[in-house]
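We count residues from 1, following the sequence as given.
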Amino acid sequence: RNLHALRGRCRARSKPQAAMLPWRLLVWSCALFWFDWVRAVRIDASSPADLAMTRQIHVALAKIRYPDTPGLARLAKNIGFKYQRKLPGFRFITRGGLFSPYVRYVTDADMIYNKKGASDVTTADFDAQVKVACQLFGGIENIWKAKVMLNGEARLDEEVKDLEGVREAILGGANVVVLSGRFRLRTGWLVPMDLALQTGTDGRMSRADRLDRIRENLDEHDYAKVISRMRAMLPSKTKSVFGHGWSDVGGRMRFLVKQLDMLRRVPEGEAREYMKRHLRLPMELGPEAWERVAEAELQRLGLLYLVKHVDLFSRRLTRLGASNVVERIEEKGATRDASKAGMLRTIQTAMENIRRPSIWHVIQELQNITNTSFGDSWWARINYDVDLLAHPELTFQIQTPRRVLKEDFDTLVQVAQRFFSGLPKVRAAKVAGGNLTNF
């Protein structure tokens, strides 16, 4: 498309320069095609800088003092019922990840108000919603995004600076209106918050719609969102194992990605200070750069988790006539997207090049032990602090929702013999049940 536009420039240049332009155009076209392909298949060219940033992100995740999710859920519930009287006809409902027992690290808060009946959201309802949003977000300038939907179709879904466009979209008919902003906790944490008004529905998504959304998320390579939607479709016992397992693997990374996405809309000085104080990331780079690397790592973790635990949801999806979803996940894990799986090994190598004790090989060994020694109903949780130069600390827990049996203990003894190079190096033991704890 640019050949015709460049023809005039070629004539204006000298002959040697004009002769070089087609070659330059060819090189740029190939480069743009390669970048489009990289973005399409989600295989990032992991530069040394990206690997170093990924390592810093993992170190920061171990240092962050995360917000109290149960406490925030109680606070959001109290606030929700408090502001219910300022939205006549609407009733506050507890939905979203904040109120889920399977989410350990809060990513955002959904304040959903529902009105039964077939009526649409009116401009008067919207005016009341804006007033509540200003009180929750700390001013109208902190309303960053708006979404207006009618019968499942988005009439408006974009970042806004002027709410008049939102009002015009509502005049054309709307049964869902969402305003997005931030909510500040007393501890200084900022929590992304969505204030939603909806009519004629209780907000529950049908199985068919959820499967359609899962297919869309697979096309967009948003594997973390696939996990969230997949969890809602599982039976309670499987949901607990699947949800808690992902919370341990990717919960903290997803928390960080949401925080960095929010900071893109915060003034630069405030954002950099927030990153240093709360997210434990260097201030030299802005949130956009960190978000790009963290998002890639989150989706890598999500894909690997889906592939590893495909047996937990494959039978359920097959019964619902969605076996093609399972096939697509296995295909993505076995081909191009799984090539990112080697990234962790590269990060481990980079960690070992630092002049301080590295425990990445320890973590990898523990993960291998869990996979080979324990069944699928177990999952590993690892907390570590690699910032201690002399004595890195590592806490390793192998968890299961059922009671620990004698044969489980025998397996644990075998693991201890293998990892500690003999039982004499085991310094302490603890058995806890109910109110009884023995050492």
Side-chain angles (χ1 to χ4, degrees), residues 37-44 95-97 100-105 107 152 204-251 253-254 257 295-345 367-368 370-381 398-402:
W37 178 81
V38 166
R39 182 175 57 185
V41 301
R42 305 282 293 194
I43 301 178
D44 297 331
R95 298 279 165 76
S100 172
Y102 312 109
V103 177
R104 184 173 291 113
Y105 303 99
T107 55
R204 295 183 184 274
M205 188 181 300
S206 64
R207 289 179 178 176
D209 291 341
R210 195 177 297 276
L211 287 173
D212 290 339
R213 297 288 181 86
I214 288 176
R215 294 185 181 95
E216 293 176 2
N217 295 140
L218 286 175
D219 292 336
E220 298 168 354
H221 307 276
D222 191 352
Y223 305 113
K225 196 64 178 179
V226 171
I227 292 174
S228 177
R229 299 190 190 281
M230 196 79 72
R231 183 188 64 216
M233 302 181 65
L234 299 176
S236 57
K237 292 184 179 180
T238 308
K239 183 184 298 185
S240 177
V241 175
F242 187 76
H244 286 299
W246 169 243
S247 185
D248 291 332
V249 172
M253 188 67 70
R254 190 164 185 264
V257 169
E295 175 70 23
E297 178 69 357
L298 172 65
Q299 302 309 331
R300 184 192 69 84
L301 294 173
L303 176 61
L304 294 180
Y305 189 80
L306 284 171
V307 173
K308 181 179 179 181
H309 297 86
V310 68
D311 57 316
L312 292 179
F313 54 82
S314 59
R315 185 177 301 177
R316 178 72 169 178
L317 294 183
T318 303
R319 290 177 182 175
L320 298 176
S323 57
N324 59 334
V325 174
V326 180
E327 294 172 359
R328 291 179 63 182
I329 291 175
E330 292 177 338
E331 178 184 358
K332 288 178 178 293
T335 56
R336 58 190 185 187
D337 291 280
S339 63
K340 284 188 177 181
M343 187 175 180
L344 179 61
R345 291 190 294 273
Q367 291 174 338
N368 293 337
T370 306
N371 295 335
T372 57
S373 301
F374 294 89
D376 295 334
S377 61
W378 294 77
W379 66 90
R381 180 182 181 185
I398 308 177
Q399 302 174 343
T400 183
R402 60 174 174 80

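Listed by chain and residue number, Phe242, Trp246, His309 satisfy the ring-ring contact (aromatic ring centres under 6.0 Å, His included) test with Tyr305 (two or more places apart in sequence, or in another chain).
For the atom pair CG of Leu303 and NE2 of His221, the computed distance is 10.0 Å after rounding to the nearest 0.5 Å. We find the OG-OH distance between Ser247 and Tyr102 to be 12.5 Å, quoted to the nearest 0.5 Å. Note that CD of Gln299 and CZ of Arg254 are 9.5 Å apart. Values are rounded to the nearest 0.5 Å. Distance check: Leu306 CG to Glu330 CD gives 11.0 Å after rounding to the nearest 0.5 Å. The structure places CG of Asp219 at 10.0 Å from CZ of Arg215, a figure rounded to the nearest 0.5 Å. Remark: Met253 CE to Arg300 CZ distance equals 8.0 Å, nearest 0.5 Å.
At a threshold of 4.5 Å between non-hydrogen side-chain atoms, the residues Ile329 and Phe313 count as touching. Within the 4.5 Å cutoff, the side chain of Glu297 has no heavy atoms near those of the Val257 side chain.
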### Message
Checking Arg316 against Thr238 for the side chain to side chain contact (heavy atoms under 4.5 Å, CB included) test, could you report, in this order, the C-alpha distance in whole Å, the side-chain angles of both residues, the deciding distance, and whether it holds?
### Response
CA-CA 10 Å; Arg316 178 72 169 178; Thr238 308; over 6 Å; no
Donor-acceptor contacts, no H, no angles, side chain residues 224-232, under 3.5 Å, sequence neighbours left out:
unit_1, atom_1, unit_2, atom_2, d
Arg229, NE, Asn217, OD1, 2.8

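Scanning all heavy atoms of the two residues, the minimum distance from Ser314 to Val326 falls at CA-CG2, 3.8 Å.
Looking at Glu331 and Arg328, no side-chain N of the basic residue comes within less than 4.0 Å of a carboxylate O on the acidic one, giving no salt bridge.
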